[in-house]
J.: 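There's a structure below that I have some questions on.
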Amino acid sequence: MSSLRDLAVIAVAVWGLMPGKAAAQTFGYGRAATPAEIAAWDIDVRPDGTGLPPGGSTAKMGEDLYIVRCASCHGDFGQGEGRWPPLAGGKDNLTDDRPVKTVGSYWPYAPVLFDYIRRTMPFGAGLSLSDDQAYALTAYVLFLNDLVGEDAVIDRATLHKIEMPNRGNFNRVDGQEPDVTGIHCMTSCRAGPVRIHSDASKR
Amino acid sequence: MTGRDNDRRKFLKLGAAAAGGAMLPGASRGTEADGTPEWTRRMGKGVGSAPYGAPSKFESDVVRRAVPWLTASPESSVSFTPLHALHGIITPNGLAFERHHAGYPDIDPDRHRLMIHGMVDRNLVFTMDDIVRFPSESRIYFVECVANGGMEWRGAQMNGVQFTHGMIMCAEWTGVRLSTLLSEVGVKPGARWILAEGADNAIMNRSVPIEKAFDDALVVYAQNGEMLRPEQGYPLRLLVPGYEGNMNIKWLRRLELGDRPWFTREETARYTDLLPDGKARQFSWLHDAKSVITFPCPERGLKDKGRYEISGLAWTGRGRIDRVDVSADGGVNWRRARLTPPVLSKCLTRFNIDWTWDGGPALLQSRAVDETGYVQPSMAQLRAARGVNSVYHNNSIQTWRVAPSGKAFNVQLT
């Protein structure tokens with residue numbers, strides 16, 4: 001009986017020493033995160049709206065703010081100034097030769113737009129918008145893409161219900177099988193003549 | 001010193017002065033004329049002249065470079081590793097490519113915190129002191145921006161390996177296994193995904209599958225023996241070997257466990273691969289096998305005809321490189337290159353092969369095969385499958401056109 005228990009103790013000790021099995025062990029480092037600390041950093045918002053804060057606003061309410069804080073880069077109509085990214089346009093053009101990927105043409109989830117704007121816009125001043133401001137600007141960017149009316153109230157109850165046109169066009173591959181594989185061949189591998197498609201020195 | 005000694009010394013000095021031209025002649029050796037340069041004839045710099053140390057001033061053009069027209073601002077931009085000037089497989093820290101989305105912060109490690117919470121038994125906050133107390137591990141892995149080669153989809157554009165392939169680095173990373181940290185907080189059943197988030201102003205967030213955490217993911221604080229550089233995530237960064245660079249969240253401040261992915265902006269609006277039919281590949285994290293010849297290349301041409309050693313790099317997110325073949329005729333005929341040890345998993349692998357240049361035009365290519373049997377595809381194959389608008393995951397075979405002048409140019413073949 002006691003020898004069995006000894007054996008178990010030895011087994012645990014050896015187990016603890018085994019490399020790779022350290023994962024089963026805890027060290028007691030770190031301290032408990034307080035609810036306030038978690039609330040301050042846990043601001044992510046999911047496609048179904050989980051994580052959206054209270055409050056809400058409309059595109060109409062967001063217009064002036066957009067002009068002041070966003071339009072210098074993204075343009076009055078979301079068309080993008082210079083090389084800054086556009087936020088609107090490109091409707092139904094993803095199969096074109098030069099598609100324009102915007103909130104309207106490409107983004108699948110409206111709540112994630114709120115997450116992104118509140119988190120990191122205006123560029124270089126992330127986290128400077130209040131929740132209501134972030135709602136108003138989310139509404140305004142959606143409005144620029146003809147996805148909501150100017151008076152539609154955007155809040156935690158409505159945002160995830162907005163139908164984003166490109167929602168169904170993402171295929172998850174989860175890092176699995178490669179889609180394109182080369183051919184392994186050592187001699188006389190090309191059927192036709194070798195032709196230059198493009199030359200960087202001739203641009 | 002006695003008076004007598006002093007006198008004696010004076011006498012010796014006077015004697016020398018009086019002797020004048022009769023002074024013993026200096027060496028006639030060690031002159032510029034006999035091929036001895038000034039650095040051999042003079043005292044060098046003392047220790048401590050460069051407390052951190054820096055490369056020779058003659059290497060001053062070996063630097064990261066950016067492409068000004070590529071992005072609207074340097075704060076959300078990229079600089080490229082000068083692959084043509086590097087040897088072996090390790091990227092020096094000062095030359096490792098940069099990619100930031102809101103500039104890079106200068107974080108005080110004493111004030112930095114990592115919070116792990118969500119579907120866990122204990123929501124915990126760790127200081128850097130806590131993190132370095134955990135059992136540490138050092139591993140060599142590459143990190144590649146998934147947009148590496150992204151400018152080449154429509155045709156050969158950037159005339160230099162620094163710009164076609166330079167969004168890659170390979171380093172020895174030191175840190176804690178992510179699984180060790182997860183054991184510390186206790187993962188609740190049903191937790192399948194981890195949201196990793198940075199402490200920069202982009203507050204970059206990406207979803208990582210939990211399998212990766214229990215496979216080989218690390219939370220690292222050191223790169224090549226020293227603490228991470230600020231531009232590489234100082235003081236803490238996630239490392240998910242073989243996965244696209246963007247997921248290796250820098251300035252790591254938060255890990256949240258959850259049951260589903262978050263579908264953040266960086267895994268929906270960006271870092272998804274748009275195909276010709278309007279559909280987009282999503283969560284295409286893994287880097288498939290890829291290789292490139294780093295000598296010769298547009299930055300480093302050939303001088304005279306004769307024998308050379310072609311050198312290059314190969315890598316794969318799926319494990320080890322199995323072989324690399326090299327062609328000098330645009331992919332008609334191939335020869336197997338030598339893999340120069342070490343050949344490590346999810347790591348750059350150096351390859352070399354002898355080649356005699358006859359002085360005529362040549363089309364140099366390399367093609368990697370990884371341990372899964374995956375073969376690096378041609379650009380034409382990739383374009384046929386993915387069109388020209390997918391931006392990311394260009395792992396095509398690179399072609400350098402060597403002209404009779406010895407110069408090399410970036411070209412693509414049909």
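We name chains A, B, ... by the order of the sequence lines, and we start the count at 1 in each one.
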J.: Under 4.5 Å heavy-atom distance to chain A, tell me which part of B:Arg335 shows up: side chain, backbone, both or neither.
T.: backbone

J.: With a 4.5 Å limit on heavy-atom distance, are the side chains of B:Gln381 and A:Ile183 in contact?
T.: yes

J.: Identify the heavy atoms of A:Val112 and B:Trp262 that sit nearest to each other, and give their distance.
T.: CG2-O, 4.4 Å

J.: Is there a side-chain contact between A:Val194 and B:Leu413, using heavy atoms and a 4.5 Å cut-off?
T.: yes

J.: Counting only heavy atoms closer than 4.5 Å, note whether B:His101 contacts chain A via side chain, backbone, both or neither.
T.: backbone

J.: Could you check whether any side-chain heavy atom of A:Asp174 comes within less than 4.5 Å of a side-chain heavy atom of B:Pro209, counting everything from C-beta outward?
T.: no

J.: For a quick test of reading the model, state the closest non-hydrogen atom pair linking A:Ser198 to B:Ala156 and the distance between them.
T.: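 Of all heavy-atom pairs spanning A:Ser198 and B:Ala156, the closest is OG-N, 2.8 Å.
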
J.: Identify which of A:Ser188, A:Pro193, A:Gly192 forms the greatest number of heavy-atom pairs closer than 4.5 Å to chain B.
T.: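 Option with the greatest count: A:Ser188.
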
J.: Identify which part of B:Ile131 has an atom lying under 4.5 Å from any heavy atom of chain A, answering side chain, backbone, both or neither.
T.: neither

J.: Side chain from CB out, backbone as N, CA, C, O: work out which of these in B:Asp129 comes under 4.5 Å of a heavy atom of chain A, or both, or neither.
T.: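 Looking at B:Asp129, nothing touches chain A.
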
J.: Taking every heavy-atom pair that is under 4.5 Å apart, which of A:Leu113, A:Thr120, A:Val45 has the most such pairs with chain B?
T.: A:Thr120

J.: Check whether B:Tyr374 reaches the backbone of A:Val180 with its side chain - one donor and one acceptor, N or O, closer than 3.5 Å.
T.: yes

J.: Test A:Tyr29 against B:Phe134 for ring-ring contact (aromatic ring centres under 6.0 Å, His included), laying out the working first.
T.: CA-CA 8 Å; A:Tyr29 307 156; B:Phe134 283 103; 4.7 Å; yes

J.: Is there side-chain contact between B:Arg383 and A:His197, with at least one heavy-atom pair below 4.5 Å?
T.: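 Yes. Closest side-chain heavy atoms under 4.5 Å.
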
J.: With a 4.5 angstrom heavy-atom cut-off, could you sort out which part of B:Arg367 is near chain A: side chain, backbone, both or neither?
T.: side chain

J.: Measure B:Asn201 against the heavy atoms of chain A and call it side chain, backbone, both or neither at under 4.5 Å.
T.: both

J.: Using heavy-atom distances under 4.5 Å, tell me whether B:Glu256 contacts chain A through its side chain, its backbone, both, or neither.
T.: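 Side chain only.
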
J.: Side chain, backbone, both or neither: which part of B:Arg122 has a non-hydrogen atom closer than 4.5 Å to chain A?
T.: side chain

J.: Minimum heavy-atom separation for B:Ala280 to A:Tyr106, with atom names?
T.: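 Answer, listing the atom of B:Ala280 first, then A:Tyr106: CB-OH, 3.2 Å.
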
J.: Which heavy-atom pair separates A:Arg190 from B:Thr414 by the least distance, and what is that distance?
T.: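 So the two residues come closest at NH2-O, 2.9 Å.
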
J.: Can you find a pair of side-chain heavy atoms, one from A:Asn171 and one from B:Arg281, that are under 4.5 Å apart?
T.: no

J.: Is chain A contacted by the side chain of B:Val332, its backbone, both, or neither, given a heavy-atom distance below 4.5 Å?
T.: both

J.: If you draw a 6.0 Å radius around CZ in B:Arg192, do more than 12 non-hydrogen atoms from other residues or ligands fall strictly inside?
T.: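 No, because the 6.0 Å sphere around CZ of B:Arg192 holds 12 heavy atoms or fewer from other groups.
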
J.: Given the options A:Gly126, A:Pro99, A:Ser201, A:Pro178, which has more heavy-atom pairs under 4.5 Å with chain B than any of the others?
T.: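 Ranked by contacts with chain B, first place is A:Pro178.
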
J.: Test your reading of the model: is there a side-chain donor-acceptor pair from B:Asn389 to the backbone of A:Asp97, 3.5 Å cut-off?
T.: yes

J.: Under a 4.5 Å cut-off applied to non-hydrogen side-chain atoms, are B:Glu75 and A:Phe123 in contact?
T.: yes

J.: Side chain, backbone, both or neither: which part of B:Asp325 has a heavy atom under 4.5 Å from chain A?
T.: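 When you check distances to chain A, only side chain atoms of B:Asp325 fall under 4.5 Å.
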
